[in-house]
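So you know, we letter chains A, B, ... as the sequences are listed, proteins then strands, and number each from 1. Heavy atoms only: backbone and side chains are in, while hydrogens, waters and symmetry mates are out.
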Amino acid sequence: MKVNLDELNPQQRAAVETTEGPLLVVAGAGSGKTRVITTRIMYLMEQGVSPYQILAMTFTNKAAMEMKHRIGVGLKRNTGDLTITTFHSFCARFLRKEIGYLDREPGFAIFDTQDQTSCLKRVIRGLDLDEKNFPARHFRNKFSYLKNKGDLDAEPEFEIEQRIFHAYRKEMREQNALDFDDLLLLTCKILGEYEECRTRYQRRFQFIMVDEYQDTNKIQARLIRLLLNEKNNLCVVGDEDQSIYGWRGADIHNILDFELHYPGTRVFKLEQNYRSSQRILDYANEVISLNQLRKPKKLWTEDSGGLPISIRDEYSSMDEAENIVQSVIQIHESKKVPLNEFAILFRSNFLSRVLEEMFRRYQIPYQLIGGLKFYDRKEIKDLLSYMRIVVNPRDWTSFTRAIGVPSRGIGVKSLDKIYGVFNEGFNLKETMDMVIEGKILSGKGLRSLTAFRDFYNTMVENAEDLTPCDWLTHVIDELDYLNYLEKQDAGSAEYRADNIEELLSAMKDLEKQSITTLSQFMDFSALVSDQDEMEDNSPKVNMMTIHAAKGLEFDTVFVMALEDGIFPNQRALTDNPNAVEEERRLFYVAVTRARKRLYLSYARKRQTFGTTTSNPKSRFLLAPGESFEDEESDPFLKPVRPKAARPGARKFGDLSSQIKRMQEQLAEKDVDVDFGGVGGKKKPTRIRTGDVVRHAKFGQGTVSKTTGSGEKMTVTVYFPGVGKKTLVARVAKLEKVFDN
DNA sequence: TACGATAAACTTTTT
DNA sequence: GTTTATCGTA
């Protein structure tokens with residue numbers, strides 16, 4: 001079958017037809033880049049390139065599967081020989097085959113963030129350091145950033161950090177575990193140091209493509225360079241304006257300086273947008289033009305006009321959420337937009353809570369993408385820990401988990417003793433045998449451990465002749481795990497049992513996709529991304545962080561919580577100016593997800609950490625906001641207040657909860673603060689963000705944030721020349737100069 | 001040793 | 001407002 005290039009625009013077509021040498025495709029949001037990549041792969045194959053010689057790196061497994069599917073449909077042939085994967089999956093597969101070069105076992109475990117943290121905790125405790133002063137999370141981030149820098153032998157700066165770093169590596173090595181960063185690091189190490197291996201891969205992959213190149217980090221760029229042979233047939237596709245992963249080491253210079261790294265690069269710019277209305281694009285262009293670190297680019301579309309963009313000023317986060325739900329209902333019903341064509345985007349995960357509550361109250365089906373991953377749920381991790389100790393008999397982390405659920409009477413004390421043996425370098429089986437024979441435990445502990453060892457041996461035997469799904473079913477039965485869940489917490493048992501059901505059926509499905517061993521399943525479960533978990537065809541409203549929305553598009557998009565301190569978030573505001581640029585790119589990504597309808601909103605009061613805080617509206621809204629607002633032309637623009645009868649509102653008769661609710665509502669209202677007043681006359685004054693106040697010592701300043709209420713209310717004021725000061729309103733006798 | 005109650009910390013964003 | 005750490009008790 002002939003690949004049809006006629007439907008491509010000239011730039012797209014040129015990108016497809018340029019198959020030799022380095023190629024940079026600058027692909028603006030919605031400019032059809034997935035289409036370019038898939039067509040290009042089909043075109044290559046049509047030119048006689050074997051699918052075996054093609055490698056394409058995508059950002060998520062979902063994107064990879066979609067591409068494979070499209071190519072399979074387009075060419076009407078099996079795509080099994082094509083390598084389209086994510087960086088991490090590629091490396092995991094590589095290492096399962098090649099890790100022998102580094103004198104290591106191929107049965108390694110892939111540790112996720114939780115495992116890493118608990119490993120670091122143990123290490124820090126082992127060094128007799130105080131966990132308060134040396135938080136595991138901090139070092140996890142630090143080491144991860146370090147490993148992604150591209151220098152394979154990078155060391156942390158300070159002596160104490162180095163000690164923790166080395167102890168961590170030693171511990172990981174003893175457990176034969178790799179973290180996400182190790183996957184890339186060790187792959188680069190092998191390819192760099194072993195020429196025989198490198199040439200094998202270089203000879204195989206004649207054509208390499210990388211999607212979302214703006215979000216690759218130094219080590220990923222390095223990996224690509226190691227895989228490339230002298231022909232440099234590399235095509236990267238990306239958009240510097242959508243670079244949003246700087247914090248995990250993504251280096252925007254990879255794409256900005258691509259032509260420097262690869263002399264002779266041909267560049268094609270895709271600026272025609274096939275997704276959004278002109279109105280949305282104008283807004284997006286205006287937003288992103290404020291950034292310095294970019295090459296000029298302007299998206300355009302053949303469709304003119306479009307619906308106006310709504311910017312909503314909400315009183316509280318609850319109002320914001322409720323108005324979003326009501327808009328969804330209205331648009332869904334009157335415009336027949338399917339529910340899965342709605343997305344609500346936010347900066348941080350915690351913001352989803354209000355939304356979820358409101359969607360449940362209105363009984364609108366939704367799915368939350370991201371947050372707690374399916375494979376991170378307690379019941380799933382419990383069961384996977386049994387699988388992991390079978391696959392990798394050195395995984396102490398999973399061993400401690402498995403032996404503790406359901407509890408067997410082996411606690412910290414006994415585990416310490418067992419660890420003493422394990423730490424001598426034995427694997428789990430040997431360790432258990434020795435502890436039992438040497439009677440290192442006694443009484444109940446010994447009996448429990450013996451039973452556990454026997455069960456362990458059975459699991460190992462079963463792994464050889466049962467499919468993953470049957471294997472796990474056996475384990476669940478044997479543990480009487482469902483009963484355990486019931487006993488733990490009857491309320492959540494049903495939900496958790498459903499998850500286990502889902503896990504089993506996922507395993508069955510994957511068996512069809514040739515994931516037939518426990519080890520393959522482990523890799524799969526460790527490397528799923530948020531987007532991979534999204535159901536795209538079920539009628540549910542989507543909620544996710546903007547990071548998780550990368551690459552997706554929807555008819556109607558709500559971007560909520562646009563408040564300084566939340567989006568852009570506080571860290572970005574205090575860190576450095578580049579951070580604000582990255583936040584702005586993030587906002588740009590959010591805006592360009594929308595095809596037809598875009599709603600932006602912020603709330604004057606928001607519940608965070610259990611207290612009410614108040615932030616000024618986001619700086620991203622300021623400049624372009626007004627000129628785009630046009631309340632008359634869109635009936636959905638007006639906030640839907642007063643509310644229709646609330647579904648699920650409190651019933652009569654429950655007096656105490658009614659009183660509590662009234663008190664809450666009173667507390668939500670603007671708080672009256674007593675500022676002392678003049679001549680003994682106490683005059684309560686309201687204070688809000690945006691007010692200008694005078695302080696006896698600091699002079700005049702603008703209120704940028706308020707926290708709490710009443711006696712405990714604190715006010716953050718920006719005093720020009722002095723800086724930001726956070727004051728307890730009751731104590732600092734502020735005089736209001738301007739009322740916002 | 002397990003489990004409850006209470007205190008403290010916690011919020012960027014993810015493979 | 002939620003999760004995690006620690007302490008005290010059965």
Per [X] side chain, nearest of listed nucleotides [options]:
X         : options                   : value
Arg347(A) : dT11(B), dT14(B), dT13(B) : dT13(B)
Asn349(A) : dT13(B), dT1(B), dT15(B)  : dT13(B)
Ala548(A) : dT11(B), dT15(B), dT14(B) : dT14(B)
Lys413(A) : dA5(C), dT1(B), dT14(B)   : dT1(B)
Phe180(A) : dT15(B), dA5(C), dT1(B)   : dT15(B)
Ser529(A) : dT14(B), dT15(B), dA5(C)  : dT15(B)

Scoring nucleotides 2-10 of chain B by protein non-hydrogen atoms under 4.0 Å (B base, S sugar-phosphate only, - none) yields S------SB
Aromatic rings Phe524(A) and Tyr375(A): how do their planes relate, parallel, tilted or perpendicular, breaks at 30° and 60°?
-> perpendicular
Would you kindly compare Gln531(A) and Ser414(A) by the position of their nearest DNA chain B nucleotide and give the one closer to the 5′ end?
-> Ser414(A)
Toward the 5' end of DNA chain B, which comes first, Thr608(A) or His88(A), by nearest nucleotide?
-> Thr608(A)
Got more than 12 heavy atoms from elsewhere within 6.0 Å of CZ, Arg294(A)?
-> yes
Let me know the distance between [atom1] of [X] and [atom2] of [N], rounded to the nearest Å.
X         : N       : atom1 : atom2 : value
Met544(A) : dT14(B) : CE    : P     : 11 Å
Asn141(A) : dT11(B) : CG    : P     : 10 Å
Leu185(A) : dT15(B) : CG    : C1'   : 15 Å
Phe87(A)  : dT14(B) : CZ    : P     : 19 Å

Between dT4(C) and dT13(B) - P atom distance, rounded Å = 14 Å
Is there aromatic stacking of Tyr245(A) against dT14(B), centre distance under 5.5 Å, plane angle under 30°?
-> no
State whether Lys550(A) places a side-chain N or O below 4.0 Å from either non-bridging phosphate oxygen (OP1 or OP2) of dT14(B).
-> no
Any side-chain N or O of Thr113(A) less than 4.0 Å from the OP1 or OP2 oxygen of dT15(B)?
-> no
Does Glu212(A) come within less than 4.0 Å of Lys33(A), counting only side-chain N to carboxylate O?
-> yes
Side chains of Thr34(A) and Glu66(A): is there a donor and an acceptor less than 3.5 Å apart?
-> no
Heavy-atom pair of closest approach, residues Phe620(A) and Val580(A) = CZ-O, 4.0 Å
Considering all heavy atoms of both residues, which atom of Asp530(A) and which atom of Ile369(A) are nearest to each other, and what is their separation?
-> O-CG2, 3.6 Å
Side chain to side chain donor-acceptor pair (under 3.5 Å) filter on Tyr481(A), not counting sequence neighbours, yields Asp382(A)
